[in-house]
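As structure tokens, the structure follows; a few thoughts come after it.
Numbers here are sequence positions counted from 1. One-based numbering, in listed order, for ligands and for the atoms of each.
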Amino acid sequence: MVNKNESLQTANPRAVLGYCRAGFEPDCAAELAAQLPGRIIHAEAGSGYVLVAPTDAYYSANRLSLDQYVFARQLVMTHQTPITLTGNDRVTPLMEAVMQLLTQERIGALSECRVEYPDTNDGKVASRAAKAIGPRVEDTLIAEGVVADASSPYRLHLFLTPQKTAWVGLSHAGRCPADLNGIPRLRMPSDAPSRSTLKLAEAFQIFLGEQADQHLVPEMRAVDLGAAPGGWTWQLMSRGLRITAVDNGALKGDLVDNALVRHVRSDGFKFVPPSPVDWMVCDMVEQPSRIAQLVAKWLANGWARYIIFNLKLPMKKRLEEVDRCRQIILDADLGGRPLQLRIKQLYHDREEVTGFAMIPSRRLRDQAQRERREGPRTAA
Ligand code: SAM
């Protein structure tokens, strides 16, 4: 006899929905298909999302972790065929699909619900629909006792498209971000000299999370390669770090004559810090592999323990280029010291990605080991 869950599964097999920057769908889909592994179903350029069918037909949301992917902003476990929302009543079909999903996944409750849409010009149609029906869907789910269970690790996603279809799926709250559409909301500081400042602010949020204050401590020393006009230097300065800003171009605003900032007019590839610093950040516009070699050199020489760097990707084979740069950095001779490396296309990145390399201190290594053994410490 065919069990009900299996027949649901066969009728509409599983798929992973990935949200990404418009234009990066082929890279996002190729990365997902290689790592899940799986087969690409949708990777239409400009749509802002991809769909990949995992080879394992029973792949589940708790195996999807955003950290390991470069191009995806959010990952949702869903089905290959979306539901259609062409009638006047869009709430009923959405609710039916949610109930079917919960039955199939044997899940009783969800922590929260996100009604989302692609981050594209066309997506604005879906964004209007999401704003119109989102509160009604959420109220119905709360009334049914399906969402708002803080102890549930699962989050519900209803992803509406401009073609009046919707995917209904799940993400694991500990492994995927809570931000609507996978986009962190950051406020542009009024006195920062450039919008690029948001890139470094987002990098701190994504790579350091709640521990940012432990890793960015006033009086730490930093070098900013390719600093002008100073958006990244401003971020470091606002946290009280002492910065050497290297660029032949001029710094702007509050950074000129600032006691925490020393401007050095020099070539960032030739600059050598007189003594090791805590942080190096680099936003020079250069070939990605040259930047990766520079990062590898700084790590190998022990010149910095934390590095955030931007790789500009004007070429077609962006995933291959990122992999090549990752390998250059991983090949750095660190004399046996461990290295943590993550590369991610941030929301504030355009044709580029941002990397974070860290050589953890002994204290952080011990803490990470303890957390792996005993689980993370929670506040009392
Ligand atoms: N992060 C900066 C901000 O937030 O304002 C923006 C940096 S901008 C994208 C790139 C900078 O890299 C330019 O100011 C340019 O002068 C600098 N640059 C490019 N090549 C360089 C090199 N070899 N040495 C030093 N600076 C360089």
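Distances between N or O atoms of Asn248 and those of ligand 1 include no value under 3.5 Å. Between Val246 and ligand 1, no pair of N/O atoms sits closer than 3.5 Å. Backbone and side-chain nitrogen or oxygen atoms of Gly230 are examined, and one is located within less than 3.5 angstrom of a nitrogen or oxygen of ligand 1.
Annotation for Asn121: atom CG does not count as buried by contact number, only 12 or fewer foreign heavy atoms lying within 6.0 Å. Taking a 6.0 Å sphere around CG of Asp191, one finds it holds more than 12 heavy atoms contributed by other residues, nucleotides or ligands.
Contact analysis puts Met284 in contact with ligand 1, with a non-hydrogen atom separation below 4.0 angstrom. Ligand 1 has no atom lying under 4.0 Å from any heavy atom of Pro193. Look at Asp247 and you'll find a heavy atom under 4.0 Å from some atom of ligand 1. Look at Gly249 and you'll find every heavy atom at least 4.0 Å from all atoms of ligand 1.
By the criterion of a heavy-atom distance under 4.0 Å, the side chain of Ser194, and not its backbone, is placed next to ligand 1.
By the 6.0 Å and 45° rule, Arg318 stacks over the aromatic ring of Phe24.
When the options Gly231, Cys282, Ala245 are ranked by their closest heavy atom to atom 3 (C) of ligand 1, first place goes to Gly231.
Of the protein's heavy atoms, Gly226 CA, 3.4 Å lies nearest to atom 12 (O) of ligand 1.
You'll find the side chain of Leu251 stays beyond 4.5 Å of the side chain of Pro193, heavy atoms only.
Between Arg324 and Glu321, at least one side-chain N (NZ, or NE/NH1/NH2) sits under 4.0 Å from a carboxylate O, which counts as a salt bridge.
Checked against a 6.0 Å centroid threshold, the rings of Phe309 and Phe356 do not count as neighbours.
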